[in-house]
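Along the sequence shown, the residues carry numbers beginning at 1.
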Amino acid sequence: MRIRKAHLTAAAGALALVTGLTAPAHATTSAAAPVHAVQQDAPSVYGSAAYLMDASSGKELFSKNADDRLPIASVTKLMTAYVVLKTAKPTDAVQIKREDDQYAEDGGGTTADLRPGDRLTVGELLYGLMLPSGADAAHALARTYGPGVGGFVAKMNTTARELGMNDTEYVNADGLPKRGGDGYSTARDQSVLAAKAVQVPLIKQVAGTRYHSLDATSEHRSYSWRNTNKLLGTPGAIGLKTGFTRAAGFTLAFAGEKRGHTLVGVLLGESVSSRRFDTAEALLSWGAARESA
């Protein structure tokens, strides 16, 4: 996996959160968002927004600025995977083109290091999309199943409305910054999507995989991908998706199965990369204990 220079400046990105980068102009504010009571013994959450819910019942367990519209970075790719699997079969083949690699190169995004000319199945590409957070994989899938990236993004937004995600607007399939304005969503909306995504067996399997490799075949060269999600390895943790841009900060959609409950949540606008995983683990443990009480 190659990581572009734009993503090697995580420290600069964190500093940018403190020095004036703001949410989209049409974002709601904390004052306008509904106030939800949270138990005093809940874990500390330092990010801009967070939400935790029971995926089975939809019950809200924790909320902090959950309706603020914020950029979500590569958490966007969770919707990409969800939309692809609404129409494509995991065994369908996708031809990788130079424009897929060039897109990730030009945008400064993380990549699955896909090689033009290779043919990979949708199932294989989902690992490249979710584990190393490949912008090239997102572009290849969107280009193929839009058809065209613009058509695919329209499908993403249509799906968001169908799920009741009315404070979400996607502008691409990967979450990279885009001229004219980034997309946005809320911690609540993304938690609704996470609850749906964990019901899709392949997404759940891919998101919970720490390392995946492909041997070379007549269709493609060999690949190996490691998951960027450091929450994995925690008992019961499923995934789901990490993200980072300067505007979004460090983001995380997460899920876990604890004490007979499947919980999902989202953290947005965290300034310390490692802290989002610690916070997610604490929220999952706290939420499971509360549901089992």
Side-chain angles (χ1 to χ4, degrees), residues 55 72-101 103-104 107 109 111-112 114 116-176 178 183-185 189-209 212 214 217 219-220 223 225 238-241 243 253 255 264 266:
I72 62 173
S74 286
V75 169
T76 296
K77 296 185 178 86
L78 189 58
M79 178 62 91
T80 301
Y82 186 77
V83 171
V84 165
L85 291 179
K86 287 181 68 177
T87 55
K89 297 178 181 178
T91 54
D92 289 347
V94 175
Q95 180 90 32
I96 305 304
K97 297 185 177 181
R98 174 57 184 161
E99 64 186 274
D100 304 322
D101 176 71
Y103 174 81
T111 171
L114 300 178
D118 280 2
R119 285 173 58 85
L120 293 95
T121 66
V122 167
E124 291 165 345
L125 274 177
L126 288 181
Y127 285 97
L129 174 77
M130 299 290 284
L131 272 62
S133 199
D136 48 357
H139 191 273
L141 288 165
R143 172 180 54 77
T144 302
Y145 291 102
V149 173
F152 189 84
V153 173
K155 288 182 178 180
M156 294 171 70
N157 285 314
T158 296
T159 302
R161 301 299 171 265
E162 291 172 349
L163 296 178
M165 298 166 61
N166 296 318
D167 288 306
T168 296
E169 185 69 26
Y170 294 103
V171 297
N172 53 33
D174 47 76
L176 287 173
K178 186 175 180 179
Y184 61 85
S185 189
D189 274 7
Q190 289 300 307
S191 295
V192 169
L193 172 60
K196 290 292 185 180
V198 295
Q199 296 176 17
V200 181
L202 185 55
I203 292 179
K204 183 178 178 181
Q205 174 184 315
V206 171
T209 300
H212 186 75
L214 300 176
T217 70
E219 295 289 305
H220 59 74
Y223 291 94
W225 298 307
I238 298 173
L240 288 163
K241 189 69 195 73
V264 297
V266 170

| request: State, yes or no, whether a side-chain contact exists between Ile96 and Asp101 at a heavy-atom distance under 4.5 Å. | output: no
| request: Grab the two heavy atoms, one from Val264 and one from Ala255, that are nearest each other, plus how far apart they are. | output: CG1-CB, 3.8 Å
| query | Are Lys204 and Gln199 close enough that some pair of their side-chain heavy atoms sits under 4.5 Å apart? | reply | no
| query | Heavy atoms, side chains only, cut-off 4.5 Å: are Thr76 and Met156 in contact? | reply | yes
| Does a donor on one side chain and an acceptor on the other come within less than 3.5 Å for Lys77 and Thr80? | no
| Check: Trp225 and Thr209 side chains under 4.5 Å, non-hydrogen atoms | no
| field | side-chain contact (heavy atoms from CB on, under 4.5 Å) assessment of Leu114 paired with Leu125 | value | CA-CA 9 Å; Leu114 300 178; Leu125 274 177; 3.7 Å; yes
| query | Does Asp100 come within less than 4.0 Å of Lys97, counting only side-chain N to carboxylate O? | reply | no
| query | Would Lys86 and Glu162 pass as an ion pair if we require N to O under 4.0 Å? | reply | yes
| task | Measure across Val122 and Ala88 and return the closest heavy-atom pair with its distance rounded to 0.1 Å. | result | CG2-CB, 4.1 Å
| Candidate pair Thr168 and Gln190, rule side-chain contact (heavy atoms from CB on, under 4.5 Å), full reasoning | CA-CA 8 Å; Thr168 296; Gln190 289 300 307; 4.3 Å; yes
| Any Glu219 side-chain heavy atom under 4.5 Å of Asp118 side chain | no
| Positive for side-chain hydrogen bond (donor to acceptor under 3.5 Å, both in side chains) with Tyr103, one of Asp174, Asp136, Thr111 | Asp174
| query | Under 3.5 Å, is there a donor-acceptor pair between the side chain of Arg161 and the main chain of Met165? | reply | yes
| Close side-chain approach of Thr144 to Val84, heavy-atom, < 4.5 Å | no
| query | Does any non-hydrogen side-chain atom of His139 lie less than 4.5 Å from one of Asn172? | reply | no
| Between the side chains of Ser133 and Lys241, does any donor sit under 3.5 Å from an acceptor? | yes
| said: If you define the side chain from C-beta out and look only at heavy atoms, does anything of Leu126 sit under 4.5 Å from Leu141? | reply: yes
| said: Please determine whether side-chain contact (heavy atoms from CB on, under 4.5 Å) holds for the pair Arg119 and His220, giving the CA-CA distance in whole Å, both sets of side-chain angles, and the decisive distance to 0.1 Å. | reply: CA-CA 6 Å; Arg119 285 173 58 85; His220 59 74; 5.9 Å; no
